[in-house]
Amino acid sequence: MRVRLDKWDRFGTSIFTIMTQKALAAGAVNLAQGFPDFDGPEVVKDAAIHAMKNGMNQYAPAPGLPALRELLAKRQKERTGLSFRAEDEVTVFSGATEAIYCAFQAFFDPNDEILAFEPYYDSYPAAAFAAGAKIVGVPLAPPAFAFDPARLAAAVTPRTKALILNTPHNPTGRVFTRAELEIVRELALKHDLLVITDEVYEELVFTPAEHVSLATLPGMAERTVTISSTSKTFSFTGWKVGYAFAPAALTKPLRAIHQFTVFCSATPLQAGMIEALKLPPSYYVELRSDYRAKRDSLITILSEAGFRCRAPEGTYFVLADFSEHAKAQETDVEFASRLTADVKVAAIPISVFYDDPDRIRREQQYVRFAFCKGQATLDAAAKNFKSL
């Protein structure tokens, strides 16, 4: 054959799939992949089932069910004060990952560069690669995982077209402050950059931290694509119902790519999320309270097991320094594999989320644990850690 079969070899299998497979093979407690081991609200499931049983099983409009887009726009207005028109500024995707992929294909050309704070989610470089573009990492320095404004400014080249900003940030748990976002804003305006924000953990923020959507800052609404998802907020990661807010001029190319990628997200699952967005404000208060308790429980468990942890300001992940348990020259990938096989607890090595993973493996010793689990799961992990 004259086609290339090795074009995507550099990406291979996702680390989330790899570690989940290892956890299953070892019978380990899976604190690696970020999916809850519990379901979201019954009323949301019932709404999706009702939709299936009552004929909502064919294609939805490519941009998403109108009622869902209206509710998304309403919720965004309540949260941020920003107004988006459901008809041409709100789009439903098959997860935030698809939204990010479509954004990269819509806006970038070969050799374009997109800045991203590293460590970054592993779909970003893959989406850039598909467009012929490139992610340029700007490091978040441990243990606080803050960025150096000078390094951010120095990363801009004539090829830089955009910045992708993930806050609350996976895997570090950082929630960028308004002051930090002002630095990003000034950079975007100075260099006329597009900004794509990945805000899927926007509802999982722990006081005193506060999530600020970048599009709310002066001059940013017209140059920002705000991407989020229902998965984390309502604990249905397998439903893959994401969405994007953007001015009509940016939404048009986004929708063009979307309709030729998946065309539309699953109709009955969109119907279920209509019911989710009707939940009262108390739902979000309880969500954050429950996750704060899970966070604090896991941090206690990890600390008692000899890990050093920084309490995340958001998300449902904890980064843990494993240096007290590392063997000589052991990398984070090797430690995570050993932890899974011998201790029966699975985690994610974070070096895979960097431009230069080999350098990070020499300089840092962090793994990521997920606390989107029931207390029984966290207790099982605590028990297994006793053998570490």
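Remember, predicted model here, so these are calculated numbers, not experimental data. Throughout, residue positions are numbered sequentially from 1 according to the sequence presented.
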Original post:
What do you reckon, is CD of Q329 surrounded by more than 12 foreign heavy atoms closer than 6.0 Å?
Top reply: no
Original post:
Checking R69 side chain against D88 main chain: does a donor-acceptor pair fall under 3.5 Å?
Top reply: no
Subject >> Minimum-distance pair of heavy atoms, taken over all atoms of R368 and G34 >> reply: NH2-N, 3.9 Å
**OP:** Please report the shortest heavy-atom distance between R185 and P218, naming the atom on each side.
**Re:** NE-O, 2.5 Å
Side-chain donor-acceptor contacts of residues 231-243 below 3.5 Å, not counting sequence neighbours, with atom names and distances?
from : atom 1 : to   : atom 2 : distance (Å)
S231 : OG     : S229 : OG     : 3.2
Y243 : OH     : E202 : OE2    : 3.3

**OP:** Would you check, one step at a time, whether the test ring pair (Phe, Tyr, Trp, His ring centres under 6.0 Å) holds for Y120 with H169?
**Re:** CA-CA 8 Å; Y120 46 69; H169 185 264; 9.0 Å; no
**OP:** Considering non-hydrogen atoms only, spot the tightest contact between A209 and V175 and give its length.
**Re:** CB-CB, 4.3 Å
**OP:** Hey, could you give me each pair passing ring-ring contact (aromatic ring centres under 6.0 Å, His included) that has a residue in residues 26-81? Not counting sequence neighbours.
**Re:** Y59-F263
Original post:
Side chain of N57, backbone of M52: donor and acceptor closer than 3.5 Å?
Top reply: yes
Subject >> Heavy-atom side-chain proximity of L165 to L181 below 4.5 angstrom >> reply: yes
Original post:
Residues sharing I257's hydrophobic cluster, by side-chain heavy-atom contacts under 4.5 Å among ILVMFWY, directly or via others?
Top reply: none
**OP:** Quick one: pull up OG1 in T377 and NZ in K294 and give me the separation to the nearest 0.5 Å.
**Re:** 8.5 Å
**OP:** Flag the pair E70 and K74 as a salt bridge only when some basic side-chain nitrogen lies within less than 4.0 angstrom of an acidic carboxylate oxygen.
**Re:** no
Subject >> Whether T331 side chain and E334 backbone form a donor-acceptor pair below 3.5 Å >> reply: yes
Original post:
Does CZ in R75 sit with more than 12 non-hydrogen atoms of other residues, nucleotides or ligands closer than 6.0 Å?
Top reply: yes
Subject >> Closest non-hydrogen atom pair, L388 against A305 >> reply: CD2-O, 4.0 Å
Output side-chain donor-acceptor pairs under 3.5 Å for residues 124-148, partner residues at least two apart or in another chain, one line each.
from : atom 1 : to   : atom 2 : distance (Å)
Y124 : OH     : D198 : OD2    : 2.5
D148 : OD1    : A150 : N      : 2.9

Original post:
What do you reckon, is CZ of R359 surrounded by more than 12 foreign heavy atoms closer than 6.0 Å?
Top reply: yes
Subject >> For R338, side chain to side chain contact (heavy atoms under 4.5 Å, CB included) partners two or more places apart >> reply: K327, E330, F335, D342
Subject >> Shortest non-hydrogen separation from A248 to R85 and the atoms involved >> reply: CB-NH2, 3.7 Å
Would you give me the side-chain donor-acceptor pairs under 3.5 Å for residues 9-29, sequence neighbours excluded?
from : atom 1 : to   : atom 2 : distance (Å)
S14  : OG     : F16  : N      : 3.1
S14  : OG     : D122 : OD2    : 3.4
T20  : OG1    : F16  : O      : 3.1
T20  : OG1    : N30  : ND2    : 3.2
T20  : OG1    : Q33  : OE1    : 2.6
K22  : NZ     : S337 : OG     : 2.7

Original post:
Do any N or O atoms from the side chain of D332 and from the backbone of V367 form a donor-acceptor pair under 3.5 angstrom?
Top reply: no
Subject >> Pairs touching residues 101-113 that satisfy side chain to side chain donor-acceptor pair (under 3.5 Å), sequence neighbours left out >> reply: D112-K161, E113-T157
Original post:
When you measure from the side chain of T172 to the backbone N and O of R174, does any donor-acceptor pair fall under 3.5 Å?
Top reply: yes
Original post:
Got a donor-acceptor contact below 3.5 angstrom from the K344 side chain to the A341 backbone?
Top reply: yes
**OP:** Ignoring hydrogens and angles, tell me if any N or O in the side chain of S303 forms a donor-acceptor pair with the backbone of T300 under 3.5 Å.
**Re:** no
Subject >> Contacts of E42 that satisfy side chain to side chain donor-acceptor pair (under 3.5 Å) - sequence neighbours left out >> reply: K45
Original post:
How many angstroms lie between CG in D46 and NZ in K53, if you round to the nearest 0.5 Å?
Top reply: 9.5 Å
Quiz: residues 190-197 side-chain donor-acceptor pairs under 3.5 angstrom, not counting sequence neighbours:
from : atom 1 : to   : atom 2 : distance (Å)
D192 : OD1    : R223 : NH1    : 3.1
D192 : OD1    : R223 : NH2    : 3.2
T197 : OG1    : E199 : OE2    : 2.8

**OP:** Give a yes or no on whether Q58 atom CD has more than 12 heavy-atom contacts from other residues, nucleotides or ligands under 6.0 Å away.
**Re:** no
**OP:** Please collect all ring-ring contact (aromatic ring centres under 6.0 Å, His included) contacts where either partner lies in residues 195-225, sequence neighbours excluded, each pair once.
**Re:** Y201-Y316, Y201-F317
**OP:** Spell out, as yes or no, whether a donor-acceptor pair under 3.5 Å connects the side chain of E180 to the backbone of T177.
**Re:** yes
**OP:** Could you tell me which residues satisfy ring pair (Phe, Tyr, Trp, His ring centres under 6.0 Å) with F93, sequence neighbours excluded, listed by chain and number?
**Re:** H258
Original post:
Does the side chain of V262 come within less than 4.5 Å of E98's, by heavy atoms?
Top reply: yes
Original post:
Once you round to the nearest 0.5 Å, how far does CG of L319 lie from CZ of F369?
Top reply: 10.0 Å
**OP:** Looking only at non-hydrogen atoms, find the nearest pair between I350 and Y354 and report the distance.
**Re:** O-CD1, 3.3 Å
**OP:** Hey, could you give me each pair passing side chain to side chain donor-acceptor pair (under 3.5 Å) that has a residue in residues 264-288? Not counting sequence neighbours.
**Re:** E203-R288
